[in-house]
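Not measured: the values here are computed from a predicted model. Naming: A, B, ... by sequence-line order, numbering from 1 per chain.
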Number of protein chains: 2
Amino acid sequence: MAASGKTIERLSVYRRLLSMRTFSEEDYVYSHELARMVSGTAAQVRRDLMAIGVTGHSKRGYRIGPLVEEIGTLLDDPEGTRIVLVGAGDLGRAVLGFMKGRSSALTIVGAFDSDPAKAGRVVHGYRCRSMDEIEGVIAAERAQVAILATPADGAQEVCDRLVEAGVRGIVNFAPAPLIVPEAVWVERVDIATALEKVACLIRGVDETTM
Amino acid sequence: MAASGKTIERLSVYRRLLSMRTFSEEDYVYSHELARMVSGTAAQVRRDLMAIGVTGHSKRGYRIGPLVEEIGTLLDDPEGTRIVLVGAGDLGRAVLGFMKGRSSALTIVGAFDSDPAKAGRVVHGYRCRSMDEIEGVIAAERAQVAILATPADGAQEVCDRLVEAGVRGIVNFAPAPLIVPEAVWVERVDIATALEKVACLIRGVDETTM
DNA sequence: TGTGTGTTGTGACTTCTTTCACAAAAAGGT
DNA sequence: ACCTTTTTGTGAAAGAAGTCACAACACACA
């Protein structure tokens, strides 16, 4: 029942893609169909599903219902995951838009911005609050995860406050490295790097490598 | 001179971090300093720098100026990389904000949205245009890269148009898989997956794994 | 000049991830 | 009942990425 980070990412994608289309109780999906959806190989899909103990059916594939459910038991905290968002700029708003009307496993329990002018404003249905309140909200809601969508300067300072307040995972959109205790997981989402990588790879800099 | 995708990502980060602080002609940086900045190991940094042929100096480290420059010759196209952005929602605006006032190696040459109401509007200094114009702009500007910041539905259709028009790399923010010819590079940036991954990993689901 | 300290460059090793390839299973036709 | 086809499950091999450990080097200071 060991699932590596890479496997977790792909499982998340499988589930999303399967959930997008409607399926009935008796629908099946083949490993090669999932593979095509994520531009991977069938063997890799089977390995991923093996990692969560899902077992398929020769000649018919995997039953979609139980598969989606099993991915859920791995990915979703049965208590729910409560998330605070810091930074209500364009990026923060984009994330709020993404979250709106999604499944209940992930819940935004507060949106914050250091700009007092933004406090009280409502974005995508979430009321933006002052940074003063953040420790209180994290404690009261028992938020485990934070989304850091601030500019680079000040990111570390905000991060320290989040960690101090009890957050154990951070999705970091700020183009800055974060220094955190070992017990805290940081997942970096780096837009500038993604762009530079694509710009670099489409030139024949190294055709053989991913 | 082989640089893997992972190495390219880290090089991009090293450069950004080094460029942020001012440095003089004779400033040096140690591998372990860079390592701390990206939460990696010194050996890994040295390997990365070895991959681009940068050589350091026992006891003093790496000269920052030449290092930044050498990373540039790997990452930056000397002709510049011209980029179109599709989707002027929150996310598209966030990306435009990021790009504004950055180095000249990457240039946004057009922003587009399928919503005719957005056409003509100016976002972060970029005028949003109608999708009708996109093929023309890509051809006229010889844009090589596209940023796809649309909702999931319709992403594939837009992608097909981009590829047909000559784009060779895509940064895909849409939570949908894209099917492209082999010659086109897609870099997926998946916000929902990043969140689910963090939410999963902070639970002790698999303490030993990244 | 010599000794001590701290850093690079890299071969060897370890660990993680993906792919290969094939036996076993199951469905369908005859 | 048997043969054909297609798919799963997985051991084994290959490949990629990261870490270790140490010789070689360079500076500092006596």
Side-chain angles (χ1 to χ4, degrees), chain A residues 1-14 18 26-64 66-67 70-71 182 185 188 193 197 201 205-210, chain B residues 1-14 18 26-67 70-71 182 188 193 197 201 205-210:
Chain A
M1 186 65 88
S4 72
K6 291 263 166 92
T7 294
I8 289 172
E9 288 176 19
R10 283 189 298 262
L11 287 169
S12 159
V13 175
Y14 302 151
L18 290 173
E26 277 305 314
D27 279 346
Y28 285 77
V29 65
Y30 295 125
S31 58
H32 65 255
E33 293 179 292
L34 283 170
R36 196 162 29 78
M37 291 197 248
V38 301
S39 311
T41 66
Q44 186 171 65
V45 171
R46 294 203 296 275
R47 276 257 187 273
D48 287 340
L49 301 191
M50 202 166 55
I52 55 169
V54 165
T55 160
H57 212 282
S58 281
K59 194 81 177 160
R60 283 199 282 174
Y62 298 84
R63 249 176 86 211
I64 297 181
L67 170 52
E70 200 56 42
I71 294 177
E182 266 209 30
W185 184 270
R188 151 189 284 272
T193 291
K197 185 177 171 191
L201 286 170
V205 170
D206 187 345
E207 230 110 41
T208 61
T209 320
M210 308 190 92
Chain B
M1 184 68 90
S4 73
K6 291 266 165 92
T7 293
I8 290 173
E9 288 176 20
R10 282 188 299 260
L11 288 170
S12 159
V13 175
Y14 301 150
L18 290 173
E26 277 306 313
D27 278 347
Y28 285 75
V29 65
Y30 295 125
S31 57
H32 61 84
E33 293 180 292
L34 284 169
R36 196 163 29 78
M37 291 198 248
V38 302
S39 310
T41 66
Q44 185 171 67
V45 171
R46 294 203 296 273
R47 276 254 187 274
D48 287 339
L49 301 191
M50 204 167 51
I52 55 169
V54 165
T55 159
H57 211 282
S58 279
K59 193 79 177 167
R60 284 199 281 173
Y62 299 85
R63 246 173 90 211
I64 296 181
L67 170 53
E70 199 56 41
I71 294 176
E182 266 208 30
R188 153 188 283 272
T193 291
K197 185 177 170 190
L201 286 170
V205 169
D206 186 346
E207 231 111 40
T208 62
T209 319
M210 310 188 91

Find the distance between [atom1] ([X]) and [atom2] ([Y]) and round it off to the nearest 0.5 Å.
X     : Y     : atom1 : atom2 : result
A:D48 : A:L11 : CG    : CG    : 5.5 Å
A:M37 : A:L18 : CE    : CG    : 5.0 Å
B:K6  : B:E9  : NZ    : CD    : 7.0 Å

Send over the distance from B:Q44 CD to D:dC20 P, rounded to a whole Å.
11 Å
Does any N or O donor sit under 3.5 Å from an N or O acceptor when you compare the side chain of [X] with the base of [N]?
X     : N      : result
A:K59 : D:dT8  : no
A:R47 : C:dT17 : no
B:R60 : C:dT8  : no

Nucleotide nearest A:Y30 when distance is taken to its side chain, options D:dT7, C:dA21, C:dG9:
D:dT7
Taking only the side-chain heavy atoms of B:T41 (C-beta and beyond), determine which of D:dT19, D:dA26, C:dT18 contains the nearest atom.
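For the B:T41 side chain, the nearest candidate turns out to be D:dT19.
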Within the 4.0 Å heavy-atom criterion, would you say [X] contacts the bases, only the backbone, or no part of the nucleic acid?
X     : answer
B:T55 : sugar-phosphate
B:S31 : sugar-phosphate
A:G40 : nothing

Toward the 5' end of DNA chain C, which comes first, A:S58 or B:A42, by nearest nucleotide?
B:A42
Can you tell me if the side-chain N/O atoms of [X] get under 4.0 Å from OP1 or OP2 in [N]?
X     : N      : result
B:H32 : C:dT7  : yes
B:Y28 : D:dC27 : no
A:R46 : D:dG9  : no
A:S4  : C:dT17 : yes
A:R63 : D:dT8  : no

